Amino acid sequence: MKKIITIKANHIVGVIILLINLCWIYFWAELFYEYHFTNILFLIMLPNWLLVLEMIIGILGILVGMQLICNKLKMKYAIPMAVVLWLIGIGVEFFSCVVFI
């Protein structure tokens, strides 16, 4: 008997959310590393609490993507949750840049 592999929309969207959040975490972790462990001179530096908060938002986004892939969360709830997390991350970054600079 041949197995037919079916890929559901939940899996595709879950993988996309997962990849976006992995890139999100990589960007902020790399920036954290560059701030603390290299001799790069930055004109504007974001505070550490913001970098950690952005990485936590990425981890929460990964959890949302994994829940969607494992069919524990429906797509109509997962997509808005992921978008709200991204908007919170962008908003906090913008607000911290405006206030602290």
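The structure displayed is predicted, hence computed values, not measured ones. Quick note: numbers below take in every heavy atom, side chains included, and nothing from hydrogens, waters or symmetry partners. Index from 1, following the sequence.
- Residue Ile59 belongs to a hydrophobic cluster whose other members are Val15, Leu18, Leu19, Leu22, Ile25, Ile62, Met66, Ile69, with links defined by side-chain heavy atoms closer than 4.5 Å.
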Show the atom names and distances, to 0.1 Å, of all donor-acceptor pairs under 3.5 Å that link a side chain in residues 82-95 to residues at least two apart or in another chain.
unit_1: Trp86; atom_1: NE1; unit_2: Asn21; atom_2: OD1; d: 3.0

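- To the nearest 0.5 Å, atom CG of residue Leu51 and atom CD1 of residue Ile56 are 11.0 Å apart.
- Counting only distance, with no hydrogens or angles, the side chain of Trp24 and the backbone of Glu54 share a donor-acceptor pair below 3.5 Å.
- Tyr26 and Ile16 are members of different hydrophobic clusters when ILVMFWY side chains are connected at heavy-atom separations under 4.5 Å.
- Here the straight-line distance linking atom CD of Gln67 with atom CE of Met81 works out to 8.5 Å at 0.5 Å rounding.
- Nearest heavy atoms, Ala78 versus Val64: O-CG1, 3.7 Å.
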Stepwise side chain to side chain contact (heavy atoms under 4.5 Å, CB included) check, Lys74 with Leu68: CA-CA 6 Å; Lys74 293 184 179 179; Leu68 186 60; 6.0 Å; no

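- To the nearest 0.5 angstrom, Ile17 atom CD1 is 12.5 Å from Ile12 atom CD1.
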N/O donor to acceptor pairs below 3.5 angstrom from side-chain atoms of residues 29-47, sequence neighbours left out:
unit_1: Tyr35; atom_1: OH; unit_2: Leu46; atom_2: N; d: 3.0
unit_1: His36; atom_1: NE2; unit_2: Asn48; atom_2: OD1; d: 3.0
unit_1: Thr38; atom_1: OG1; unit_2: Glu34; atom_2: O; d: 2.5

